[in-house]
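Single-structure report; data block below.
We're numbering straight along the sequence, starting at 1. Start at 1 and go down the list; that is how both ligands and their atoms are numbered. Just so it is clear, the structure is predicted and the values come from calculations on it, not from any experiment.
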Amino acid sequence: MGTSEAMLQVVPGALPSQFHSGLCFDKSNSFLSFKYHVSNRKERSYGLMQQLNFSRTLRCCKRMLALNSIDDVYRGKTVNDRLDSLSCKCRQAESDSEVTAEVGNRIWINGAANGPNIKNIEGVQQLKHENGGLPSNIKVATAGTINNTLRSVSVDSIEDEAWDLLRASIVYYCGNPIGTIAANDPTNSSISNYDQVFIRDFIPSGIAFLLKGEYDIVRNFILYTLQLQSWEKTMDCHSPGQGLMPASFKVRTVLLDGDDSATEEVLDPDFGEAAIGRVAPVDSGLWWIILLRAYGKCSGDLSVQERVDVQTGIKMILKLCLADGFDMFPTLLVTDGSCMIDRRMGIHGHPLEIQALFYSALLCAREMLAPEDGSADLIRALNNRLVALSFHIREYYWIDLRKLNEIYRYKTEEYSYDAVNKFNIYPDQIPPWLVEWMSNKGGYLIGNLQPAHMDFRFFSLGNLWSIVSSLATIDQSHAILDLIEAKWAELVADMPLKICYPALEGQEWRIITGSDPKNTPWSYHNAGSWPTLLWQLTVACIKMNRPGIAENAIKIVERRISRDKWPEYYDTKRARFIGKQARLFQTWSIAGYLVAKLLLANPDAAKILINIEDSELVNAFSCMLSANPKRKRARIVSRQSYIV
Ligand code: GLC
């Protein structure tokens with residue numbers, strides 16, 4: 001089949017850079033479809049983007065080889081009914097030249113249950129049994145005496161197993177690796193959307209591949225997800241802002257319309273419109289920018305971030321995040337469930353995790369944006385936001401024993417610019433658990449801040465990424481790690497790391513989660529323990545030159561993660577049980593472990609993820625403080641107007 005042509009079915013959306021020329025429109029099945037020719041131009045065609053809105057499913061055609069073995073084959077009509085498909089014949093996302101569809105050795109990924117990946121997992125398991133039932137690491141652990149040689153052998157075997165599993169989770173599109181499936185659990189019949197590539201879940205996979213020198217999968221992931229970014233997505237006729245990255249996508253194999261002997265692969269993204277609770281994946285675009293920078297730093301290939309379409313992708317994400325709204329604060333205002341915690345957990349508003357990722361993505365984007373006249377306003381807006389955001393978080397989210405005592409004695413109902421208690425926090429809000437729990441040493445950034453509301457829960461990812469991104473000051477960063485050490489029994493316990501602490505219980509659980517049976521106390525998002533967080537912990541520890549903390553956490557993981565089959569999360573206060581509904585062979589548990597190991601072996605490599613504190617920001621920050629020693633009135637930096 002001629003690979004210079006492809007079918008695009010058109011519905012409201014936008015046009016990616018490489019589909020720009022030779023458009024010939026043709027009405028078919030309630031779609032507008034057209035053929036296009038791939039050419040060397042890389043620019044996104046803004047004119048066309050405005051005129052034409054394209055559907056959001058990317059396609060790759062191929063002749064059908066063994067139809068019966070392909071599950072999840074969508075008949076043309078079903079696909080058409082979705083009114084949202086875009087098709088292209090097999091080509092590499094990054095290639096500007098014509099390519100031929102390579103189908104011979106392709107691996108079909110059509111859902112976890114019947115795919116070849118399962119065989120690989122079974123193979124890995126079988127190997128273990130052939131080795132004597134229990135994996136060698138467990139035998140070593142139960143023997144009690146940990147002989148160093150034996151330990152390193154067993155640890156090596158855990159790592160080997162993790163690599164096998166990670167590779168078995170790879171998803172291919174047109175023969176190219178483009179991501180990793182969320183979980184590959186042969187024991188769970190309810191796949192839900194765990195057979196998809198989640199943007200956030202892929203980050204540790206991508207980092208593991210980068211650290212191993214396998215760059216292609218990351219490059220493909222970056223470029224294919226970029227193509228999904230601009231498609232129109234609707235929920236009950238409403239479209240969220242352009243620039244949103246999907247939460248996840250799936251590779252589907254569908255019959256080619258009008259040709260029963262051929263199939264095509266489609267990339268089908270979910271922007272939250274199919275997700276449970278219809279949650280908006282605000283973190284996806286932020287993680288995408290962070291990974292893009294890591295790719296460039298690790299591979300040395302800056303050509304990807306320099307591409308015009310990639311630059312446009314970065315700007316689209318920034319514009320969405322920097323757009324003016326009704327907000328009084330520099331923090332990003334989001335709905336509940338818009339990040340790793342993607343269910344109702346009372347984190348709507350200005351959750352720390354989003355702010356830390358936002359800050360990190362702003363810094364990464366600033367490093368990568370090509371200086372050009374057109375982006376001056378955007379960069380100005382970005383710089384303003386960085387200063388305001390770091391001031392806001394460092395000042396108002398920080399809590400330690402001294403600050404807690406200050407809040408305890410707050411006066412309320414303070415009108416005027418000189419208010420000390422700016423957000424009108426009533427001291428009675430201080431939860432009894434915190435009074436006991438707050439250690440003399442250490443501190444942390446609270447989960448959320450809104451008018452008359454502080455969410456005092458400790459959220460691990462937000463705190464760790466505040467260290468990694470330098471959103472927290474150096475002192476604060478050390479204090480967060482001090483707290484993790486001081487509260488080891490609660491936060492790390494038998495499996496690192498609690499997603500948040502403590503759990504919502506009783507009436508609070510009923511009201512805040514809406515009686516969510518999956519988020520019962522000490523389970524899942526409600527203070528469950530997530531092994532994947534090990535990698536963020538490791539990066540944070542390396543940045544602060546305290547790798548010993550991460551090493552201790554890894555030892556705990558190695559005691560049981562392989563025996564437990566790499567669960568998604570653990571339950572109970574001490575993380576003693578595999579989570580009630582946890583998937584096994586959860587890819588980001590596997591990849592998180594590998595990243596932690598790789599980084600501890602080569603701490604220098606953590607630089608690809610770390611943002612060093614920016615000296616200009618430090619200056620701006622100290623100017624704000626010195627202009628306002630009592631830290632009462634923070635209207636020092638006049639907001640420059642900018643056009644986005
Ligand atoms: C759960 C997690 C979410 C993750 C998804 C796929 O919904 O909360 O963060 O992306 O599973 O693993």
Shortest protein contact, atom 7 (O) of ligand 1 (heavy atom only):
Asp342 OD2, 2.8 Å

Please report which non-hydrogen protein atom sits nearest to atom 9 (O) of ligand 1, along with the residue it belongs to and the distance in Å to one decimal place.
Met340 O, 2.7 Å

Please identify which atoms of ligand 1 are closer than 4.0 Å to at least one heavy atom of His525.
2 (C), 8 (O)

Given that the side chain starts at C-beta and the backbone is N, CA, C, O, which of these parts of Glu568 lies under 4.0 Å from ligand 1, counting heavy atoms, or is it both or neither?
side chain

Any atoms of ligand 1 less than 4.0 Å from a non-hydrogen atom of Tyr194? List them with their elements.
1 (C), 11 (O), 12 (O)

Can you name the atoms of ligand 1, numbered from 1 with element, that are less than 4.0 Å from a heavy atom of Asp201?
4 (C), 6 (C), 10 (O), 12 (O)

Listed by chain and number, what are the side-chain hydrogen bond (donor to acceptor under 3.5 Å, both in side chains) partners of Arg457, not counting sequence neighbours?
Asp455

Side chain to side chain, Ile158 and Lys597, heavy atoms closer than 4.5 Å
no

Proximity of Gln586 to ligand 1 by residue part, where a heavy atom lies under 4.0 Å:
side chain

Residue pairs involving residues 342-357 (criterion salt bridge (Lys or Arg N to Asp or Glu O under 4.0 Å); sequence neighbours excluded)
Arg200-Asp342, Arg343-Asp516

Heavy-atom side-chain contact between His392 and Leu449 under 4.5 Å
yes

Is a donor on one side and an acceptor on the other found under 3.5 Å between the side chain of Asn220 and the backbone of Ile178?
no

For ligand 1, does Tyr524 get within less than 4.0 Å through its side chain, its backbone, both, or neither, judged by non-hydrogen atoms?
side chain

To the nearest 0.1 Å, how far is atom 5 (C) of ligand 1 from its closest protein heavy atom, and which atom is that?
Phe198 CE2, 3.9 Å

Quick one: does Asp185's side chain have a donor or acceptor within less than 3.5 Å of a partner on Phe585's backbone?
no

